[in-house]
Amino acid sequence: MKVLAFHGTDYDVAQKIDHEGFISKPSLEHWLGNAIYFYIDELLAKWWTTRPSNKFGTTIKKSALIKAYISVEDDRVLDLRKLDDYNTFIKWENEYEKQTIEMSNKMHTGCPIDFKEYRCGLFDSIFRDKGIDVIAGCFHKPNQPYFTTDKIHDILRRLELTYTEIQVAVKAEKQKEIITIVDIYKQNSV
């Protein structure tokens, strides 16, 4: 797999990344587990720099994009855009669910599992236990503020076409082998 991808951040942070590498900021709620995130769509990376979340610890003063190639052997990738990989993922999710239920029963907590934490833990386990260094995921979220029309639901229903946001998560420990920065550039607002 070799893909051109974009990481939005503050310009000063981008300069530091260029010299020292990325830092993956741990969270229990990351979409595809604890990793370094990129968008395939340059405009989405640019949009993200206008709406950073405090939970990622980045304050954007001067918006910047890091343009990079993500290169990794196919057997080290879980690409959820591909049917075969998605079917493998379903198998792994079923295994993880059984392990999680068994752990929960052992602890006798009786607490419901938080969806975001469950998803993050699932992908963390895939990185840790399945020999995966890169995960590509598609997200269908029709209520995103980056859509230019409020009639998006009508269009989705009528045409049966949907926009899916694609993110690529890279295992932080493998970044030097996988990520090749091509360019860093300041952005104007979206």
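The residues of the chain are indexed from 1 along the displayed sequence.
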Determine yes or no for a side-chain-to-main-chain donor-acceptor pair under 3.5 angstrom, with [X] supplying the side chain and [Y] the backbone.
{"X": "D10", "Y": "I60", "result": "no"}
{"X": "Q175", "Y": "V170", "result": "no"}
{"X": "D18", "Y": "A14", "result": "no"}
{"X": "H30", "Y": "P26", "result": "no"}
{"X": "D124", "Y": "G33", "result": "no"}

Taking side chain as C-beta onward, heavy atoms only, is [X] less than 4.5 Å from [Y]?
{"X": "T88", "Y": "W92", "result": "yes"}
{"X": "Y39", "Y": "K46", "result": "no"}
{"X": "F38", "Y": "I36", "result": "yes"}
{"X": "V134", "Y": "V168", "result": "yes"}
{"X": "N34", "Y": "C120", "result": "yes"}
{"X": "N94", "Y": "E97", "result": "yes"}

Quiz prompt | Single-linkage hydrophobic cluster L28~F115, side-chain heavy atoms < 4.5 angstrom | solution =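 Different clusters: L28 never reaches F115 through Ile, Leu, Val, Met, Phe, Trp or Tyr contacts under 4.5 Å.
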Quiz item: Do F139 and F123 share a hydrophobic cluster, counting only Ile, Leu, Val, Met, Phe, Trp and Tyr and linking them when any side-chain heavy atoms are less than 4.5 Å apart?
Solution: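 Yes, one cluster joins them.
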On a heavy-atom basis, which atom in [X] and which in [Y] lie closest, and how many Å separate them?
{"X": "D41", "Y": "F6", "result": "C-CD1, 4.2 Å"}
{"X": "Y96", "Y": "S125", "result": "CD1-OG, 3.5 Å"}
{"X": "I184", "Y": "Y11", "result": "CG2-CE1, 4.1 Å"}
{"X": "E165", "Y": "Q167", "result": "OE2-NE2, 2.7 Å"}

Going from [atom1] on [X] to [atom2] on [Y], what distance comes out if it is rounded to the nearest 0.5 angstrom?
{"X": "Y118", "Y": "E93", "atom1": "OH", "atom2": "CD", "result": "3.5 Å"}
{"X": "L78", "Y": "F89", "atom1": "CG", "atom2": "CZ", "result": "7.0 Å"}
{"X": "I135", "Y": "I132", "atom1": "CD1", "atom2": "CD1", "result": "7.0 Å"}
{"X": "L32", "Y": "I126", "atom1": "CG", "atom2": "CD1", "result": "9.5 Å"}
{"X": "L80", "Y": "D85", "atom1": "CG", "atom2": "CG", "result": "7.0 Å"}

Self-check item: From CA spacing to verdict: side-chain contact (heavy atoms from CB on, under 4.5 Å), V77, D133
Solution: CA-CA 6 Å; V77 177; D133 295 331; over 6 Å; no
Does [X] [atom1] have over 12 foreign heavy atoms under 6.0 Å away?
{"X": "Y86", "atom1": "OH", "value": "no"}
{"X": "K82", "atom1": "NZ", "value": "no"}
{"X": "I23", "atom1": "CD1", "value": "no"}

Quiz prompt | Residue pair E177, K171: steps toward the salt bridge (charged side-chain N to carboxylate O under 4.0 Å, His left out) verdict | solution = CA-CA 10 Å; E177 300 166 35; K171 191 175 188 177; over 6 Å; no
Exercise. Go through the structure and list residues passing salt bridge (charged side-chain N to carboxylate O under 4.0 Å, His left out) with K62, not counting sequence neighbours.
Key: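 Partners of K62 under the salt bridge (charged side-chain N to carboxylate O under 4.0 Å, His left out) test: D12.
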Quiz item: Taking only residues two or more places apart in sequence, or in another chain, which ones meet E173 in a salt bridge (charged side-chain N to carboxylate O under 4.0 Å, His left out)?
Solution: none
Quiz item: Sequence neighbours excluded, which residues qualify as ring pair (Phe, Tyr, Trp, His ring centres under 6.0 Å) partners of Y185?
Solution: none
Practice problem: Applying ring pair (Phe, Tyr, Trp, His ring centres under 6.0 Å), name anything that partners F127, two or more places apart in sequence or on another chain. | Solution: none
Atom pairs and distances, side-chain donor-acceptor, residues 65-75, under 3.5 Å, sequence neighbours left out:
{"from": "D74", "atom 1": "OD1", "to": "M1", "atom 2": "N", "distance (Å)": "2.7"}

Quiz item: By side-chain contact (heavy atoms from CB on, under 4.5 Å), which residues pair with I166, not counting sequence neighbours?
Solution: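 I166: side-chain contact (heavy atoms from CB on, under 4.5 Å) contacts with I40, R81, C138.
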Self-check item: Aromatic centroids of F22 and H7 separated by under 6.0 Å
Solution: yes
